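Right, one structure below, let's go through it.
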Amino acid sequence: MDYYTFYAGTAFDVWKDMGAHVTNDGTTFTVYAPNARSVSLIGEFNNWQPAEMERTGDGRFYTLHVKEAHHFQMYKYRITGADGNVIDHSDPFAFYNELRPGTASRIYDMNRYVFHDEAWMKKRNRFFDKPLNIYEMHMGSWKKKEEHNPIGWYNYREVADMLVPYLLENGYNAVEIMPLSEYPDDASWGYQATGFYAITSRYGEPDDLRYFIDICHRNNISVILDFITVHFAINFDGLAMFDGTPLYEYPNSAVQNSEWGSCNFMHSRPEVRCYLQSAIDFLLTAYHFDGIRFDAVGNLIYWQGNKERGVNTNAIDFARKMNEGLHKRHPDVTLMAEDSSAYPGVTSSDGLAFDYKWDLGWMNDTLRYFALPFEERSRNYHALTFRATYAHNEKYILPLSHDENVHGKKTIVEKMYGDYETRFQQARMLYMYMYALPGKKLDFMGNEFAMIREWNEKQSQDFNLLSYPIHDAFYHFRKDLHHLYLSCSSLYAWDYEEKGFQWVECDNAADNIYAFRRFSANETTVFIMNCSDKPHSFFWSSTAHIRLLLDSGDQKYGGSNNSAKENAHSVNGKVHIILPPLSARIYLEY
């Protein structure tokens with residue numbers, strides 16, 4: 001252990017020394033408990049009888065080598081804290097834990113799995129000038145073996161064999177997995193963790209997850225992990241009051257607990273910084289994850305996520321230095337911020353140094369607009385043009401995430417205004433607008449076939465909806481839209497350059513028509529959308545040949561348009577089309 005970098009908060013590899021490490025003649029255990037009166041090791045290898053651990057290093061660490069301790073055996077640390085309480089804790093640095101409701105850690109030899117993704121690892125990148133279409137999923141409820149069975153999950157390996165062909169067929173080139181750090185309560189979805197190095201045992205072992213990632217990579221699919229650096233579960237068998245003092249959390253009750261009732265990490269402490277950034281380095285190194293999505297970054301920027309309480313300078317400093325260190329160690333890995341604040345420089349190298357920021361402002365404005373009755377849209381026309389005023393301030397991802405499909409908010413298709421069929425018309429238009437705009441894309445599982453029921457972690461997605469023609473047609477529309485996005489360089493190559501976007505129509509509130517061009521070095525496309533319930537003529541200037549690429553109102557997608565007979569033509573430098581109600585189109589100019 002390099003104590004200098006540990007206490008300076010600059011270590012990224014403490015996982016190499018801490019926790020349980022299998023050796024040729026047993027296992028060595030090391031834990032940090034600076035204020036404990038004593039620490040003992042209990043486990044299957046010693047009949048759960050306490051074996052006192054030795055103070056080591058500067059006296060704040062405890063270690064013990066046990067010859068009888070082997071791979072997969074369970075263990076805990078029995079800590080007599082500074083407060084005199086004796087509590088059995090799981091290992092904060094454990095690579096694996098037993099299945100809840102059990103709380104013991106397991107010894108796990110991380111040197112057994114051999115990856116076969118060398119070709120992917122050599123070519124992977126951060127997608128700035130490439131398409132990025134992310135499928136956000138919850139590992140335990142994409143599909144379940146048994147509905148409503150709390151342990152009816154598929155294994156990581158089983159999910160890989162089902163999911164990868166599905167992603168390829170549907171035009172997704174990345175999957176983002178909701179948190180996998182070990183957590184006690186299914187209902188928290190992993191956002192209140194107890195083990196930040198241990199992937200959850202709900203779906204199998206570490207080597208099973210490595211297989212999942214390996215298979216994704218061998219099929220050119222990027223794997224992104226949702227990770228929490230803001231807070232942790234209050235369970236006393238985990239990090240809370242670990243050595244009888246608030247070692248990882250704030251001692252001040254005013255900021256000790258988050259809005260979710262969990263404990264806030266104290267990011268001014270170098271030990272906490274090393275703990276979190278080393279956990280991420282471990283996940284990137286040992287599992288070959290391609291990206292990290294950081295949850296609730298606004299709660300790092302502002303105290304308790306509240307701008308009124310001011311900027312948390314220590315947490316901002318932590319985020320910046322963590323990202324800089326991770327970029328140096330993993331220059332081809334993508335770091336994404338889920339942040340709803342207007343704090344500047346989230347994705348700039350001299351700011352917080354994330355690669356991408358979720359555009360939650362776009363998400364809120366767009367969904368509010370599409371929920372409006374048609375007669376109110378003219379008055380709110382610029383809800384959809386406003387984004388262009390800030391689109392190049394950050395490198396944005398356009399998200400329609402799990403948060404927009406739960407807690408009474410309704411699913412995406414159900415948010416749309418109108419009757420049943422009208423909602424599908426609008427959802428097709430919404431997604432076409434999303435994929436035409438600058439910015440990478442993220443959508444939550446089930447939206448691809450227009451889930452009606454809100455997401456519930458206890459149930460699998462309603463794939464049976466695909467037996468209904470309107471859902472099947474929507475599913476095929478989404479599939480064609482995704483593959484068009486992946487194949488049209490104008491829709492992604494210059495996402496973060498002003499030359500990649502040009503308004504064609506952004507001031508037609510009377511008709512509720514929007515139009516813009518997207519550019520790349522060798523291609524120009526035109527997007528046009530009619531958000532009213534009436535047909536409208538539309539003209540735009542162009543001397544190019546025009547070819548229709550996609551029509552949201554095509555009959556094959558459940559619309560009423562015969563697109564083959566409605567191609568646009570350029571005459572005397574003008575293109576004229578009749579745009580049907582509630583429809584969008586993408587044309588190629590060539």
Side-chain angles (χ1 to χ4, degrees), residues 131 133 171 359 362 365-366 369-370 377 381-389 391-392 396 398 400 425-441 443 477-478 480-509 511-520 522-532 535-542 544-554 557 559 561 563 566-570 574-590:
N133 192 21
D359 192 348
W362 167 84
D365 291 344
T366 301
Y369 179 86
F370 277 90
R377 292 187 175 180
Y381 177 83
H382 289 294
L384 297 192
T385 65
F386 176 68
R387 183 182 190 265
T389 66
H392 295 97
Y396 285 112
L398 305 181
L400 294 174
Q425 278 183 280
Q426 296 213 85
R428 292 195 301 268
M429 186 169 56
L430 162 67
Y431 277 105
M432 205 155 156
Y433 168 64
M434 173 182 177
Y435 278 77
L437 279 175
K440 310 308 177 187
K441 324 301 177 187
D443 196 26
F477 164 75
R478 291 294 306 276
D480 288 350
L481 174 62
H482 298 166
H483 285 288
L484 177 67
Y485 168 68
L486 295 179
S487 63
C488 280
S489 62
S490 59
L491 298 181
Y492 59 78
W494 291 346
D495 271 341
Y496 306 113
E497 299 181 54
E498 292 188 15
K499 64 183 180 180
F501 177 89
Q502 177 192 67
W503 279 115
V504 173
E505 179 58 83
C506 61
D507 201 24
N508 191 343
D511 295 338
N512 283 297
I513 289 179
Y514 304 82
F516 53 79
R517 283 188 176 91
R518 293 297 310 278
F519 302 97
S520 67
N522 54 11
E523 185 180 87
T524 301
T525 47
V526 179
F527 170 81
I528 306 167
M529 178 169 66
N530 177 7
C531 290
S532 77
H536 291 292
S537 292
F538 183 68
F539 295 85
W540 80 91
S541 297
S542 178
H545 296 287
I546 309 297
R547 178 160 60 90
L548 181 65
L549 297 179
L550 192 65
D551 179 1
S552 71
D554 196 304
Y557 304 134
N561 302 347
S563 297
E566 295 179 2
N567 249 324
H569 299 281
S570 175
K574 291 281 187 179
V575 178
H576 173 229
I577 62 170
I578 303 297
L579 201 59
L582 302 176
S583 66
R585 294 177 178 178
I586 295 177
Y587 290 95
L588 178 69
E589 291 187 334
Y590 64 100

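Predicted model only: the values in this text are computed from it and were never measured.
Counted by atom type alone, Asn508 and Tyr514 present zero donor-acceptor pairs between their side chains at under 3.5 Å.
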Does the pair Tyr381 and Tyr369 meet the rule for a ring pair (Phe, Tyr, Trp, His ring centres under 6.0 Å), with working shown? CA-CA 8 Å; Tyr381 177 83; Tyr369 179 86; 7.7 Å; no

Can you check side chain to side chain contact (heavy atoms under 4.5 Å, CB included) on Tyr433 and Leu384, steps first, answer last? CA-CA 10 Å; Tyr433 168 64; Leu384 297 192; 3.8 Å; yes

From CA spacing to verdict: side chain to side chain contact (heavy atoms under 4.5 Å, CB included), Asn530, Leu582: CA-CA 5 Å; Asn530 177 7; Leu582 302 176; over 6 Å; no

Trace of the side chain to side chain contact (heavy atoms under 4.5 Å, CB included) decision for Lys441 with Tyr435: CA-CA 7 Å; Lys441 324 301 177 187; Tyr435 278 77; 3.6 Å; yes

Any chance you could lay out the side chain to side chain contact (heavy atoms under 4.5 Å, CB included) test for Thr385 and Glu505, step after step, and finish with the verdict? CA-CA 10 Å; Thr385 65; Glu505 179 58 83; over 6 Å; no

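Remark: Ile577 CD1 to Asp551 CG distance equals 9.0 Å, nearest 0.5 Å. The SG atom of Cys531 sits 7.5 Å away from the CD atom of Gln426 when rounded to the nearest 0.5 Å. Between atom CG of residue Leu579 and atom CG of residue Asn512 there is a gap of 11.5 Å, rounded to the nearest 0.5 Å. A distance of 15.0 Å separates CE of Met429 from CE of Met434, quoted to the nearest 0.5 Å. The structure places CD1 of Ile586 at 11.0 Å from CE of Met529, a figure rounded to the nearest 0.5 Å. Atom OH of residue Tyr590 and atom CZ of residue Arg547 lie 6.0 Å apart, to the nearest 0.5 angstrom.
Taking the side chain to side chain donor-acceptor pair (under 3.5 Å) definition, one finds that Asp507 meets it with nothing, sequence neighbours left out. Applying the salt bridge (charged side-chain N to carboxylate O under 4.0 Å, His left out) criterion to Arg377, with sequence neighbours excluded, gives no partner residue. Taking the salt bridge (charged side-chain N to carboxylate O under 4.0 Å, His left out) definition, one finds that Glu497 meets it with Lys499, sequence neighbours left out. The salt bridge (charged side-chain N to carboxylate O under 4.0 Å, His left out) search around Lys440 returns Asp495, not counting sequence neighbours. Remark: Asp365 pairs with Arg368 by the salt bridge (charged side-chain N to carboxylate O under 4.0 Å, His left out) rule, at least two apart or across chains.
Annotation for Lys574 and Ser541: closest pair NZ-OG, 3.5 Å, computed over non-hydrogen atoms. Closest approach of Cys506 and His382 over heavy atoms only: O-CE1, 3.4 Å. Minimum interatomic distance between Leu398 and Arg387 (heavy atoms only, all atoms of both residues): CD2-NH2, 3.4 Å. The two residues Trp503 and Ala388 make their nearest non-hydrogen contact at NE1-CB, 3.5 Å. Nearest approach of Ser542 to Arg517, heavy atoms of both residues: CB-NH2, 4.0 Å. Across all non-hydrogen atoms, the minimal contact from Met432 to Ala584 is CE-O, 3.3 Å.
Counting only heavy atoms from C-beta outward, the side chains of Ile546 and Glu589 approach each other to under 4.5 Å. Taking the side chain as every heavy atom from C-beta outward, Asp480 and Leu550 approach each other to under 4.5 Å. Contact of the Gln502 side chain with the Phe519 side chain is registered, since non-hydrogen atoms from C-beta on lie closer than 4.5 Å. Using a 4.5 Å heavy-atom threshold, the side chains of Ser537 and His576 count as touching. For the pair Val575/Tyr587, no side-chain contact is recorded, criterion being any heavy-atom separation below 4.5 Å from C-beta on. Counting heavy atoms from C-beta on, the side chains of Phe538 and Val504 come closer than 4.5 Å.
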For residues 485-493, please give each side-chain donor-acceptor pair under 3.5 Å, one per line with the distance, not counting sequence neighbours.
| unit_1 | atom_1 | unit_2 | atom_2 | d |
| --- | --- | --- | --- | --- |
| Tyr485 | OH | Leu132 | N | 3.0 |
| Ser487 | OG | His483 | O | 3.0 |
| Ser487 | OG | Leu484 | O | 3.0 |
| Ser489 | OG | Ser520 | OG | 2.7 |
| Ser489 | OG | Asn522 | OD1 | 3.1 |
| Ser490 | OG | Glu523 | OE1 | 2.8 |
| Ser490 | OG | Thr525 | OG1 | 2.8 |

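In this structure, Arg478 is positioned above the aromatic face of Tyr431, its NZ or CZ under 6.0 Å from the six-membered ring centre and within 45° of the axis.
Put simply, the residue from Phe516, Phe527, Tyr396 that forms a side chain to side chain contact (heavy atoms under 4.5 Å, CB included) with Leu437 is Phe516.
Side chain of Arg428 to main chain of Ser552: a donor-acceptor pair is present (N/O by atom type, distance under 3.5 Å, no hydrogens or angles). No donor-acceptor pair closer than 3.5 Å links the side chain of Arg518 to the backbone N or O of Val526.
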